[in-house]
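Quick notes on the structure that follows.
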Amino acid sequence: MPQPYSNNNFYNNNYNAMRNHRPMPHHYSYGAYRPAYGGAYAYPAAPVKIPPSKIKRKPVPKRKPKVKINPLRILFSLCFFTAVVYYVIPYNFAAYFEPMVLNRFLNRNIAFDAKKYVMPASKKFSNATVAGEKVFVPVRLEKKQMTALTPSGRMHNLESDLIALAAKYPNLSPSVYVWDFVHSKSAEINADAVFPSASIIKLPILVELFRKSESLKKAGEEPIDLNSKLLFDEIHRTSGSGSLQYKKGDTPYTIGHLAKIMIQESDNSATNMLLEQIGGMEALNAASRKWGLPSTQISNWLPDLKGTNTVSAKDMATLLYNLDNPKFLDDRSRYFIKEYMSNVHNTTLLKAGIPKNAEILHKTGDIGTMLGDAGIIYAPDGKKYIAVILVKRPHNDYSAKTFIQESSKIIYNSIVNNASVY
């Protein structure tokens with residue numbers, strides 16, 4: 001006999017649905033299952049119990065322990081942080097970050113100069129400058145164009161007086177050369193030492209300007225005309241002494257005017273224009289070697305605040321001595337050179353130590369580390385002498401000025417006023 005409802009698909013479908021029915025969230029689920037499309041109720045065979053391990057409960061958050069504030073720890077942290085900010089960060093910035101990172105970024109267009117590392121001695125032992133590079137050139141044994149100073153004796157008493165004066169200024173390092181035209185005797189204190197030239201380098205530039213004009217004339221070419229004009233533009237404008245730096249650009253000035261303000265106002269812009277006119281630094285250095293001035297060297301355009309351009313007291317005394325040498329300069333050149341040197345605006349150095357009725361032809365130099373004056377002094381009674389005083393000093397030390405003034409007074413009294421100089 002067939003089972004009741006065995007072929008009844010409706011019953012089977014509802015029975016299977018009942019078996020697969022998921023219980024309600026509570027532990028025991030009772031109740032009837034109602035078919036979706038009507039029909040009889042169906043009941044589960046037995047209640048379903050859910051094990052406790054299968055029940056998912058929401059975890060209860062743990063309470064964080066209360067943090068106690070320790071004032072000593074806070075104070076220590078503040079001190080440590082302050083020390084890091086004040087000491088460690090600036091040191092690392094200056095020692096590592098700036099040279100390794102910042103400078104490389106800011107100076108990325110600057111080429112690395114390996115020469116100073118490969119040839120470190122070239123800067124100290126080179127004897128010429130070519131295209132801005134210090135090099136060695138063969139020493140020529142030709143006769144020097146200047147007449148060398150050959151004293152017949154020394155003015156020992158004058159030297160002793162100057163040494164005693166220098167002892168009162170222990171922070172200064174002076175170099176002095178004095179030449180007496182009457183007796184052909186000298187007083188020398190560290191006279192061959194190489195010193196920063198400052199604006200005294202403008203004196204050999206002036207001499208070479210007239211020497212070049214004479215050479216062109218001897219070669220049958222047109223000499224340098226002092227009335228010819230050079231164009232002052234922005235490339236020549238430079239800081240430091242002189243009034244040309246404040247003038248309007250693209251303005252022509254005569255060579256004579258530029259030479260005048262180069263010496264009398266110590267104008268740096270005019271100096272660079274005339275240095276360019278004579279052929280640049282290489283031409284002046286070559287001329288200095290031919291003249292016989294071993295310590296006179298120019299390595300930098302003006303203003304040379306670092307003192308890379310050099311002279312010595314004896315070199316400048318030799319140059320001043322040869323201003324009256326007819327074999328070195330002709331009458332026209334000597335006239336204009338002396339005219340420019342007789343009206344220098346700075347009268348606070350050698351000029352301050354001589355009487356007002358005495359005359360002086362000179363050129364001063366002043367940078368932070370050096371102060372100097374080189375000149376020829378003409379006394380009212382006809383006596384004349386050369387005095388070159390260069391002083392290395394702490395930056396802008398005013399005592400260097402006082403030392404030069406007092407030295408000038410001692411020299412004048414010793415030579416002109418018949419004091420005991422020998």
Side-chain angles (χ1 to χ4, degrees), residues 144 146-167 169 172-204 207 288 291-297 307 309-325 328 341 344 349-351 353-354 358 360-366 370-379 383-393 400-401 403-416 419 421-422:
K144 304 305 180 184
M146 284 186 176
T147 301
L149 290 169
T150 53
S152 61
R154 299 280 288 272
M155 296 181 281
H156 298 290
N157 290 339
L158 176 57
E159 289 179 357
S160 299
D161 292 341
L162 294 174
I163 292 173
L165 176 63
Y169 300 89
L172 304 180
S173 178
S175 175
V176 181
Y177 192 95
V178 181
W179 175 266
D180 181 7
F181 280 94
V182 177
H183 301 95
S184 297
K185 292 189 176 183
S186 68
E188 304 177 28
I189 300 175
N190 202 24
D192 290 313
V194 178
F195 271 55
S197 67
S199 290
I200 296 178
I201 198 67
K202 295 167 185 176
L203 186 55
V207 172
S288 298
W291 297 345
L293 306 180
S295 301
T296 302
Q297 179 90 6
N309 303 333
T310 60
V311 295
S312 70
K314 190 172 184 179
D315 274 10
M316 291 302 98
T318 303
L319 179 62
L320 293 172
Y321 179 77
N322 281 270
L323 293 183
D324 289 324
N325 184 358
F328 183 70
M341 294 179 64
V344 172
L349 299 176
L350 287 177
K351 176 68 174 176
I354 63 176
I360 182 173
L361 310 177
H362 67 128
K363 181 69 193 81
T364 60
D366 182 0
M370 201 284 292
L371 185 68
D373 200 352
I376 306 174
I377 293 85
Y378 297 85
K383 294 180 180 178
K384 69 175 182 177
Y385 62 91
I386 294 172
V388 180
I389 305 175
L390 311 176
V391 182
K392 287 182 182 178
R393 58 178 177 173
K401 180 179 179 181
F403 174 81
I404 295 176
Q405 292 174 348
E406 294 180 358
S407 298
S408 178
K409 186 181 297 184
I410 291 173
I411 296 169
Y412 186 89
N413 289 333
S414 298
I415 295 177
V416 178
V421 296
Y422 309 110

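All residue numbers refer to positions in the sequence shown, counting from 1.
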query: Between atom OG of Ser175 and atom CE of Met370, what is the distance when rounded to the nearest 0.5 Å?
result: 10.0 Å
- request: Measure across Phe403 and Pro174 and return the closest heavy-atom pair with its distance rounded to 0.1 Å.
  value: CE2-CB, 3.5 Å
query: On the ring face of Phe181, is Lys383 found with NZ or CZ under 6.0 Å from the centre and within 45° of the axis?
result: no
- prompt: Got a second to check how far Asn309's CG is from Ser197's OG, nearest 0.5 Å?
  reply: 4.5 Å
message: Would the distance check show the side chain of Asp373 and the main-chain N or O of Leu350 forming a donor-acceptor pair, the cut-off being under 3.5 Å?
response: yes
From CA spacing to verdict: side-chain contact (heavy atoms from CB on, under 4.5 Å), Met341, Ile376: CA-CA 10 Å; Met341 294 179 64; Ile376 306 174; 6.0 Å; no
field: Ser152 vs His183 side-chain heavy atoms within contact, under 4.5 Å
entry: no
message: I want to check something: taking the side chain as every heavy atom from C-beta on, are Ile386 and Val178 in contact at a cut-off of under 4.5 Å?
response: no
- line: In terms of heavy-atom contacts, Ser408 and Ile389 come closest through N-CD1, 4.3 Å
- prompt: Could you walk me through whether Asp366 and Arg393 pass the salt bridge (Lys or Arg N to Asp or Glu O under 4.0 Å) check?
  reply: CA-CA 11 Å; Asp366 182 0; Arg393 58 178 177 173; 2.8 Å; yes
- prompt: With a 4.5 Å heavy-atom cut-off, do Val388 and Val176 have their side chains touching?
  reply: no
message: Given 3.5 Å as the limit, does a donor-acceptor pair link the side chain of Asp180 with the main chain of Tyr385, or not?
response: no
query: Where does the angle between the aromatic ring planes of Tyr177 and Trp179 fall among parallel (under 30°), tilted (30 to 60°) and perpendicular (over 60°)?
result: parallel
- request: Applying side-chain contact (heavy atoms from CB on, under 4.5 Å) between Asp315 and each of Asp192, Thr310, Thr296, report the one that passes.
  value: Thr296
message: Is any side-chain heavy atom of Met146 closer than 4.5 Å to one of Phe328?
response: yes
message: So Leu293 and Val311, do their side chains get closer than 4.5 Å, heavy atoms only?
response: no
message: So if I apply the side-chain contact (heavy atoms from CB on, under 4.5 Å) rule between Asn322 and each of Asp324, Leu320, Asn325, which one comes out positive?
response: Asn325
- prompt: Any idea which heavy atoms bring Glu188 and Pro151 closest together, and the distance?
  reply: OE2-CG, 4.4 Å
- line: d(Ser312 OG, Leu390 CG) to nearest 0.5 Å is 8.0 Å
- prompt: Got a second to check how far Ile360's CD1 is from Leu349's CG, nearest 0.5 Å?
  reply: 9.0 Å
Spacing of Ile411 atom CD1 and Met155 atom CE [to the nearest 0.5 Å]: 8.0 Å
message: Evaluate Glu159 against Arg154 for salt bridge (Lys or Arg N to Asp or Glu O under 4.0 Å), listing each step before the verdict.
response: CA-CA 8 Å; Glu159 289 179 357; Arg154 299 280 288 272; 2.8 Å; yes
- request: Compare all side-chain heavy atoms of Leu323 with those of Val207 and state whether any distance is below 4.5 angstrom.
  value: yes
query: Between atom OG of Ser186 and atom CG of Leu158, what is the distance when rounded to the nearest 0.5 Å?
result: 10.0 Å
message: How close do Met316 and Ile200 get, counting heavy atoms only, and between which atoms?
response: SD-CG2, 3.7 Å
